[in-house]
Amino acid sequence: MSGDHSHNEDQIDYASRVNDSHKQKDKYKEYKHKEHKKDKEREKSKHGNSDHKDLEKKYKDKEKEKMKHKDGSTDKHKDKHKEKRKEEKMKSLDGKIKKEKENGFASPPHVKSEPENDYHSPKYEKSLKRERDDDYEAEFKPKKIKTENDKKAKKRKQEDEDIKSKKTKSKKGEAADGKKKAKQEPEQKWKWWEEERYTDGVKWKFLEHKGPVFAPPYEPLPSNVKFYYDGKHMKLSPEAEEVATFFAKMLDHEYTTKDIFRKNFFKDWRKEMTAEEKSIITDLKKCNFTEMNEYFKAQSEARKAMTKEQKQKIKAENERLLQEYGFCIMDNHKERIANFRIEPPGLFRGRGDHPKMGMLKRRIRPQDIIINCSKDSKYPTPPPGTKWKEVRHDNKVTWLVSWTENIQGSIKYIMLNPSSRIKGEKDWQKYETARRLKKCVDRLRAQYREDWKSKEMRIRQRAVALYFIDKLALRAGNEKEEGETADTVGCCSLRVEHLKLYPENEGQEFVVEFDFLGKDSIRYYNRVPVEKRVFKNLQLFMENKEPDDDLFDRLNTSILNKHLQELMDGLTAKVFRTYNASITLQQQLKELTTADDNIPAKILSYNRANRAVAILCNHQRAPPKTFEKSMQNLQAKIDAKKDQLSDAKRELKSAKADAKVRRDEKSKKAVETKRKAVQRIEEQLMKLEVQATDREENKQIALGTSKLNYLDPRISVAW
DNA sequence: TGCTGCACTTAGTATTTTGATT
DNA sequence: AATCAAAATACTAAGTGCAGCA
């Protein structure tokens with residue numbers, strides 16, 4: 001990697017959501033670190049379903065398999081499973097895998113239900129830590145590592161099981177006490193990543209599910225909750241009332257102050273009114289929803305104040321629903337569905353300056369629903385007296401249910417959970433592609449640098465765009481329909497008005513300033529020095545153009561992607577984001593960690609690295625609502641600690657003085673104790689302070705997204 | 001070549017749960 | 001037991017990219 005591609009955080013300056021101007025006052029500072037957050041995360045990690053971590057394990061295993069193959073096994077399949085079995089010893093599932101293999105994905109037979117909670121030992125990660133000096137690369141190193149690897153794997157498995165079955169709460173120390181008696185797991189996780197994938201476009205052979213769960217019907221308000229128009233009480237028809245409640249529920253939200261939102265809402269609301277209502281209600285400003293609003297607030301208060309039993313009951317009911325509708329059977333396996341509930345009606349909450357915000361999102365009925373399942377499955381039954389729009393059997397797609405949404409006219413789907421085979425495989429592939437990119441990225445970079453000099457405008461534009469995508473991790477930037485969505489852009493759709501060129505800026509040459517709204521109307525602001533050629537090209541591209549003209553007028557995403565496809569199979573613009581996020585993580589980890597750091601220090605480093613990635617990808621969030629308050633609380637804690645510290649110090653002093661006079665064992669001991677106390681408090685204080693800085697720094701940065709979508713779990717595992 | 005529709009990933013926010021602390 | 005922050009999860013909007021068509 002050439003030097004100018006290292007993404008360091010000072011490249012990226014400050015960014016914020018523009019449509020929320022009060023939130024952007026804080027400058028992005030040099031980030032510091034957080035100690036405990038991750039600490040806790042790892043140390044405890046009780047409840048499973050951390051899909052991500054789960055995946056880490058899967059990848060890990062899969063990789064191991066690959067190594068084995070390289071080691072010269074001939075018959076992939078069998079060997080694979082034999083070895084695996086051996087490894088897993090008595091794990092009770094002998095033959096299971098094999099069977100699956102054989103009857104492939106025939107219809108029903110017996111279905112194995114996967115334990116839905118995939119626990120994942122945090123310790124497991126630790127124990128792996130130095131296992132491999134992995135590189136973010138497709139290179140496997142079969143040799144020596146293998147044996148060691150296997151051993152550890154065994155151990156890890158045990159731990160894994162152990163944790164799983166025990167739901168242990170105690171945070172154990174180091175890996176040492178991890179592997180007690182490994183309990184036998186009755187239910188074995190399905191290791192889809194050890195199986196063959198479908199090749200042709202087929203996504204499954206058998207699919208059975210119960211269909212979606214519809215939103216509960218509207219419950220009219222009690223008669224004492226009134227709506228007033230122009231000061232006068234007015235009883236609304238149920239249809240109009242329902243829509244009114246949508247608005248009433250949002251009264252505290254900024255949305256309801258926005259003109260577009262109000263306008264759209266009012267227009268759609270009127271459509272639901274009776275002729276009479278329509279004739280009376282002509283001005284939203286004269287509508288008084290406060291009683292309704294208060295009613296809903298009271299409702300949610302009441303819900304919070306419910307007794308344990310009541311809460312239990314609701315929980316149980318949810319659980320029942322989940323058990324019944326939350327799973328499907330796909331190719332012999334019971335898999336979790338991500339979103340089995342149909343989106344309830346409400347007001348559309350577009351992000352940024354969305355022209356359609358406030359529009360009524362219709363209630364979805366069975367006759368809007370398309371069911372997808374296999375022919376030989378038991379079809380889901382529509383609610384009594386209703387019909388599905390269609391039942392189809394398309395095994396080239398992964399969705400179970402779809403419907404067309406009325407705001408944008410786009411299609412919504414019900415699909416599987418990320419832990420499912422179908423999603424996991426895709427995710428795995430994504431990182432594989434990114435690894436392949438690593439192998440040829442140098443060549444690609446050389447090429448686009450060359451292309452900056454091309455005689456053809458379209459090639460130059462393509463090359464510069466690619467440079468941005470690579471260096472700054474910009475998104476591709478498909479064009480979008482004007483007026484249908486918020487005005488946001490990505491690389492290919494950048495307009496002249498989105499960048500400023502400075503031949504000279506703060507001591508640096510050829511600085512480009514980006515300022516635009518990207519996905520979700522998150523502001524991207526960055527000032528970055530570029531190479532002279534790029535700069536000259538940009539000047540050229542911007543010549544004689546209006547601010548709202550396209551910067552790359554000879555380029556769009558499909559041209560760019562077509563080009564990328566030629567350079568490397570499967571390469572598209574977004575692969576660069578994955579690649580650069582992952583490589584940044586890896587670099588940062590390398591840079592920040594020293595081999596013999598203690599655990600907290602390592603965790604700290606991991607967090608920093610993670611944050612660097614989030615900054616690179618411009619992942620932001622609105623500062624949490626309770627931010628100010630929680631900050632104050634923390635500050636109070638710090639102050640208290642400080643007091644405590646000075647007290648302790650004083651005590652230490654007097655103890656010392658005392659010891660000097662008395663010169664006996666007892667007083668000496670007392671000094672020691674006091675000294676330790678001071679030390680302890682100092683440590684605690686430091687921790688708190690770090691926490692404070694960290695929280696401040698993290699205010700606007702969202703770490704989750706990168707962790708979830710961009711960072712190859714193998715890097716974390718290897719580390 | 002451009003357009004559109006579809007399928008799927010990525011994203012931020014809202015809500016719920018957890019677990020630590022007082 | 002009450003409170004609160006953080007983590008996990010639910011939700012759904014907003015992207016990407018491809019295929020099929022004219």
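Here is the naming used below: chain letters follow the sequence lines, and residue numbers restart at 1 for every chain.
- Remark: A:His253 engages A:Met250, A:Tyr255, A:Arg349 in a side-chain contact (heavy atoms from CB on, under 4.5 Å) (not counting sequence neighbours).
- Contacts of A:Lys356 with the nucleic acid, taken as non-hydrogen atoms under 4.0 Å apart, are absent.
- Listed by chain and residue number, A:Asn293, A:Lys297 satisfy the side-chain contact (heavy atoms from CB on, under 4.5 Å) test with A:Asp252 (two or more places apart in sequence, or in another chain).
- Remark: A:Asn318 pairs with A:Ile314, A:Arg341 by the side-chain contact (heavy atoms from CB on, under 4.5 Å) rule, at least two apart or across chains.
- Of the candidates B:dG12, C:dA14, B:dC8, B:dC8 carries the atom nearest the A:Tyr413 side chain, counting heavy atoms from C-beta on.
- An OP1 or OP2 oxygen of B:dT9 is reached within less than 4.0 angstrom by a side-chain nitrogen or oxygen of A:Lys423.
- A heavy atom closer than 4.0 Å to some atom of DNA chain C occurs in A:Thr488, these being the qualifying members of residues 484-493 of chain A.
- If you check every strand for non-hydrogen atoms under 4.0 Å, A:Gly704 touches nothing.
- At the heavy-atom level, A:Lys311 lies nowhere under 4.0 Å from the strands shown.
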Grab the N/O contacts between the protein and nucleotides 17-22 of chain C below 3.5 Å, and write none if there aren't any.
residue: C:dG17; atom: OP1; partner: A:Thr572; partner atom: OG1; Å: 2.8
residue: C:dG17; atom: OP1; partner: A:Ala573; partner atom: N; Å: 3.2
residue: C:dG17; atom: OP1; partner: A:Lys574; partner atom: N; Å: 2.8
residue: C:dG17; atom: OP2; partner: A:Asn561; partner atom: ND2; Å: 3.0

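- Taking the six-membered ring for Trp and thresholds of 30 and 60 degrees, A:Tyr413 and A:Trp399 have ring planes inclined between 30 and 60 degrees apart.
- Legend: residues meeting side-chain contact (heavy atoms from CB on, under 4.5 Å) with A:Ile260, ordered by chain and number and at least two apart, are A:Asn264, A:Met357.
- One atom, CG of A:Leu347, and another, C1' of C:dC11, lie 16 Å apart when rounded to the nearest Å.
- The CH2-C1' distance, from A:Trp428 to B:dT9, rounds to 19 Å in whole Å.
- Regarding A:Ile342, its CD1 atom lies at a distance of 12 Å from the P atom of C:dC11, rounded to whole Å.
- Side chain to side chain, A:Arg695 and A:Ser630 meet the donor-acceptor criterion of an N or O pair below 3.5 Å.
- Remark: the A:Lys519 side chain and the B:dT10 base include a donor-acceptor N/O pair separated by less than 3.5 Å.
- Within 6.0 Å of NZ on A:Lys311 lie more than 12 heavy atoms contributed by other residues, nucleotides or ligands.
- Side chains of A:Glu425 and A:Gln429: a donor-acceptor N/O pair is absent below 3.5 angstrom, by distance only.
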